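Here's the structure, in structure tokens; my notes come after.
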Amino acid sequence: MSGRLDSTRPYAIGLFRIVVGLLFACHGASTLFGAFGGPSQPAGAWPGWYAALIQLAAGVLVFVGLCTRPAAFVASGSMAFAYFKVHQPHALLPIQNGGEPAAMFCWALLLLVFTGSGAFAVDRLLRTGGGRGGRADQAGEQASPAGEQEPVTA
């Protein structure tokens, strides 16, 4: 059972990345443009407008799987900033201060920094020339047949 689940890991990570990226981009679009019924920020307003710009750009990059790790790192940091600057001063716990989305996005995006883009990512297409196999991520690792990452030894 464990082997079968391990073989699907890249696909689960890829789907996780797509969902998180889409939700994060929608959050940014809502704040930047008032899309989806959200209140928009005036252009250049600190820090809301800049945070929304990061959310939209990083969310789209994470969604398509392009520069996933750097985009997720910047996005995770922006959510940590949002949590500690906006939410945490009101109460200690996220359930008390309304910071659950910021905390969840922060940790979900940080997870993508360590797992990489998974399947269905533009990064994989660019690194492999459109085929299968080859480099799996920027750390110089190769994908094993089970989809796990193994260090290159040469």
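What you see below is based on every heavy atom in this structure, not just the backbone, and it leaves out hydrogens, waters and symmetry mates. Note that this is a predicted model, so its numbers are computed, not measured.
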>> Applying side chain to side chain contact (heavy atoms under 4.5 Å, CB included), can you list everything that pairs with Ala72, at least two apart in sequence or on another chain?
In response: Val62, Leu109, Leu112, Val113
> Which residue pairs pass the side-chain hydrogen bond (donor to acceptor under 3.5 Å, both in side chains) test with at least one member in residues 31-45, sequence neighbours excluded?
Replying inline: none
> For Ile95, which fellow cluster members are found when Ile, Leu, Val, Met, Phe, Trp and Tyr are connected by side-chain heavy-atom distances below 4.5 angstrom, either directly or through intermediates?
Replying inline: Leu92, Leu93
>> The criterion is side chain to side chain contact (heavy atoms under 4.5 Å, CB included); which residues satisfy it with Val60, sequence neighbours excluded?
In response: Ala25, Leu56
>> Tell me the closest heavy-atom pair linking Val20 and Phe105, and the distance in Å.
In response: O-CE2, 4.0 Å
>> If the condition is side chain to side chain contact (heavy atoms under 4.5 Å, CB included), which residues does Val122 pass it with, not counting sequence neighbours?
In response: Val64, Leu66, Leu126
> Which pair of heavy atoms, one from Thr68 and one from Ser117, lies closest together, and at what distance?
Replying inline: OG1-CB, 3.4 Å
> Counting distance only, does the side-chain N/O of Arg17 pair as donor-acceptor with the main-chain N or O of Gly116 below 3.5 Å?
Replying inline: no
>> Nearest 0.5 angstrom please: Ile13 CD1 to Thr8 OG1, how far?
In response: 9.5 Å
> Given side chains that start at C-beta, do those of Met104 and Met79 come closer than 4.5 Å, heavy atoms only?
Replying inline: no
> Any link between Leu23 and Ile18 through a network of hydrophobic side chains (Ile, Leu, Val, Met, Phe, Trp, Tyr) touching at under 4.5 Å?
Replying inline: no
>> Looking at every heavy atom in both Pro94 and Ala103, which two are closest together, and how far apart are they?
In response: CG-CB, 4.5 Å
> Considering all heavy atoms of both residues, which atom of Ser78 and which atom of Ala75 are nearest to each other, and what is their separation?
Replying inline: OG-O, 2.7 Å
> What pairs meet the side-chain hydrogen bond (donor to acceptor under 3.5 Å, both in side chains) rule with one or both residues in residues 86-103, with sequence neighbours excluded?
Replying inline: Tyr83-Asn97
> If you measure from CH2 on Trp107 to OG on Ser76, what distance do you get to the nearest 0.5 Å?
Replying inline: 8.0 Å
> So which residues get pulled into Val74's cluster when ILVMFWY side chains under 4.5 Å apart are joined, directly or through others?
Replying inline: Ile54
>> I'd like to check the ring pair (Phe, Tyr, Trp, His ring centres under 6.0 Å) partners of Phe120; sequence neighbours left out, ordered by chain and number.
In response: Tyr11
> Which pairs with one or both residues in residues 27-78 pass ring pair (Phe, Tyr, Trp, His ring centres under 6.0 Å), sequence neighbours excluded?
Replying inline: Trp46-Tyr50
>> Connecting only ILVMFWY residues whose side-chain heavy atoms lie within less than 4.5 Å of each other, what is the rest of Met1's hydrophobic cluster?
In response: Leu5
> Where is the tightest heavy-atom contact between Cys67 and Asp123, given as atom of each residue plus distance?
Replying inline: N-OD1, 2.9 Å
> Could you give the distance from SG (Cys106) to CG (Leu110), rounded to the nearest 0.5 Å?
Replying inline: 6.5 Å
>> I'd like to check Thr115 versus Phe16 (side-chain heavy atoms, cut-off strictly below 4.5 Å). Are they in contact?
In response: no
